[in-house]
S.K.: 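Shown below is the structure under consideration.
Numbered from 1 within each chain, the chains take letters A, B, ... in sequence-line order.
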Amino acid sequence: MAGAAGGGGGADFQWCFSQVKGAIDEDVAEADIISTVEFNYTGDLLATGDKGGRVVIFQREQENKSRPHSRGEYNVYSTFQSHEPEFDYLKSLEIEEKINKIRWLPQQNAAHFLLSTNDKTIKLWKISERDKRAEGYNLKDEDGRLRDPFRITALRVPILKPMDLMVEASPRRIFANAHTYHINSISVNSDHETYLSADDLRINLWHLEITDRSFNIVDIKPANMEELTEVITAAEFHPHHCNVFVYSSSKGTIRLCDMRSSALCDRHSKFFEEPEDPSSRSFFSEIISSISDVKFSHSGRYMMTRDYLSVKVWDLNMENRPVETYQVHEYLRSKLCSLYENDCIFDKFECCWNGSDSAIMTGSYNNFFRMFDRNTRRDITLEASRESSKPRAILKPRKVCTGGKRKKDEISVDSLDFNKKILHTAWHPTENIIAVAATNNLYIFQDKMN
Amino acid sequence: MGLSVLIPVFQDTQEKEAVLPERAEEAKLKAKYPNLGQKPGGSDFLMKRLQKGQKYFDSGDYNMAKAKMKNKQLPSVGADKNLVTGDHIPTPQDLPQRKSSLVTSKLAGLDIMSGQRPLLPAECKITAATACPTRPSCSLAKP
């Protein structure tokens with residue numbers, strides 16, 4: 001089925017509901033709000049992090065002839081408390097336990113490893129399975145009590161016996177005290193040995209084995225904080241070149257840095273910015289140009305940025321403008337005043353590529369999410385809702401009406417629910433399976449062919 | 001005389017606002033908040049962003065205030081616990097208690113749609129890791 005991802009993009013075929021996880025409660029507890037979603041490299045595991053600092057990992061069921069419809073279903077594999085709330089007395093700072101990002105490490109042995117981070121601390125978690133237990137110890141009983149050594153008359157060799165599968169999660173490394181400001185990104189390098197962590201003003205390089213030191217590779221803190229004009233909003237390593245990374249800013253620019261050129265990458269190698277028409281500048285221009293997410297394509301040739309109203313695809317070889325621009329919800333441009341007042345204008349939407357880089361997806365309001373096919377230039381708006389949640393039900397395209405006359409099935413801009421935001425989405429690395437986080441619920445959709 | 005000078009300017013602005021919904025929105029915002037800063041993306045806005053999570057508690061102030069007051073109560077907190085005004089000294093009780101989530105995430109619970117039994121196929125357990133260093137926060141005890 002890997003070919004399916006190579007075919008038409010997300011907007012061409014039909015998407016069906018597969019599963020939804022989470023409670024149906026009207027009253028959503030803050031801790032249950034999903035804050036990050038990430039497939040691992042094979043797509044067999046899907047991790048979510050929430051505001052309560054918890055991680056839940058789902059595993060894809062193997063094909064099972066007796067239950068043909070369960071193929072591709074994701075069920076709970078492991079769950080653990082990754083981060084806890086803390087209070088820094090020295091700085092009078094409350095440190096939220098909210099998981100900002102999860103990034104998987106490529107699998108190298110039977111265990112799975114992931115990095116999870118809150119505002120201040122990154123943790124490396126090992127998730128391993130245990131399905132055997134040793135029985136017949138000499139020095140202790142089966143229930144763990146020590147045996148009296150004088151009573152032992154014969155020796156025996158302990159035997160490994162099968163046991164019910166147990167999945168254990170343990171923190172293997174804790175990378176702390178390296179960030180004064182709030183961590184917004186982590187990115188595992190293609191060398192599988194290092195990773196970067198970025199906060200508002202600095203980016204640090206870590207080695208996965210070493211927790212007591214990290215190298216600062218970008219520092220944009222001005223000598224005088226009054227002169228602060230922009231902050232770092234996201235950062236990512238290039239998927240193939242271990243010396244290259246990019247970081248985006250609140251001013252809508254992206255800087256590509258090469259670690260071979262200098263130890264401190266304050267001077268960029270490439271600077272990506274779309275020229276702005278000065279006559280169209282308004283109070284909101286800078287705020288809506290702030291980039292909330294940056295993602296390299298799987299090919300490494302392109303990168304995608306998400307700002308408040310659009311998604312842009314950039315060719316790494318062309319710095320002066322993006323090669324493609326997709327409007328996510330242009331109708332919000334005439335609502336910017338109220339979106340500023342209710343703080344929605346500061347919402348940080350993420351974006352993602354499909355496995356073949358032929359399609360991109362990002363979220364919007366009213367539990368809508370958008371997909372753009374880069375080849376056919378078609379786009380589609382879908383909704384993650386309980387109403388369209390019957391097994392294998394095909395999702396109906398949604399449309400927002402901007403003009404006066406509202407057609408049947410269309411929804412007017414003023415009726416959109418701005419509390420239902422889809423900020424986090426993920427696309428399976430090879431197949432057409434997507435995970436969409438709608439506040440406290442996780443929706444999984446698949447294409448009809450599956 | 002002044003009126004005839006004003007009119008052409010008004011028409012010009014109107015045209016611009018029709019062309020740019022953003023400008024119309026900006027006008028609305030400025031009408032509501034006339035004191036809004038000139039540089040929206042400037043240092044004030046960014047500084048606020050960088051200081052997210054700041055709660056003011058000074059153990060020195062608190063202990064001195066307690067010593068002065070002796071039997072009397074410290075001035076109690078107003079409606080907004082996050083706002084420190086006047087003689088109000090924040091107390092450990094004022095700081096919202098951040099308890100860690102002891103409840104399992106609902107995502108790991110019952111699969112509502114298929115009505116199956118709880119989906120945990122295996123026990124999920126956190127094992128204590130010997131490599132786990134101490135917490136990064138200050139060594140003063142938690143409230």
S.K.: What are the two closest non-hydrogen atoms of B:Ala108 and A:Val56, and how far apart are they?
M.R.: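 Residues B:Ala108 and A:Val56, closest heavy atoms: CB-CG1, 4.2 Å.
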S.K.: Rounded to the nearest 0.5 Å, what's the gap from CD on A:Gln81 to OG on B:Ser105? Could you check?
M.R.: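 Rounded to the nearest 0.5 Å, the CD-OG separation comes to 10.0 Å.
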S.K.: Only one of B:Lys28, B:Glu22, B:Glu26 passes side chain to side chain contact (heavy atoms under 4.5 Å, CB included) with A:Cys337; say which it is.
M.R.: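 For A:Cys337, the side chain to side chain contact (heavy atoms under 4.5 Å, CB included) check succeeds only for B:Lys28.
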S.K.: Tell me, side chain or backbone of A:Thr48 under 4.5 Å from chain B's heavy atoms, or both, or neither?
M.R.: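 Contact with chain B involves the side chain of A:Thr48 alone.
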S.K.: Sort out for me which of A:Val55, A:Ile288, A:Ile34, A:Leu336 touches chain B most, counting heavy-atom pairs under 4.5 Å.
M.R.: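 Heavy-atom pairs under 4.5 Å are most numerous for A:Leu336.
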S.K.: Less than 4.5 Å to any heavy atom of chain B: does that hold for the side chain of A:Leu201, its backbone, both, or neither?
M.R.: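 Contact with chain B involves the side chain of A:Leu201 alone.
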S.K.: So what's closer than 4.5 Å to chain B heavy atoms on A:Ser280: side chain, backbone, both or neither?
M.R.: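 Contact with chain B is through both the backbone and side chain of A:Ser280.
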S.K.: Counting only non-hydrogen atoms closer than 4.5 Å, does A:Glu341 touch chain B with its backbone (N, CA, C, O), its side chain (CB onward), both, or neither?
M.R.: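 For A:Glu341, the contact with chain B is made by the side chain alone.
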S.K.: Checking heavy atoms, do the side chain of A:Asn440, its backbone, both or neither come under 4.5 Å from chain B?
M.R.: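 Backbone only.
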S.K.: Applying salt bridge (charged side-chain N to carboxylate O under 4.0 Å, His left out), name anything that partners A:Asp200, two or more places apart in sequence or on another chain.
M.R.: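 For A:Asp200 the salt bridge (charged side-chain N to carboxylate O under 4.0 Å, His left out) partners, ignoring immediate neighbours, are B:Arg49.
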S.K.: Check for a donor-acceptor pair, side chain of B:Arg23 on one end and backbone N or O of A:Arg281 on the other, with a separation under 3.5 Å.
M.R.: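 Yes: the side chain of B:Arg23 pairs with the backbone of A:Arg281.
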S.K.: Side chain, backbone, both or neither: which part of A:Ile57 has a heavy atom under 4.5 Å from chain B?
M.R.: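 Neither part, no heavy atoms under 4.5 Å.
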S.K.: Under the ring-ring contact (aromatic ring centres under 6.0 Å, His included) rule, collect the residues that match up with A:Phe445, sequence neighbours excluded.
M.R.: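 Partners of A:Phe445 under the ring-ring contact (aromatic ring centres under 6.0 Å, His included) test: A:Phe369, A:Tyr443.
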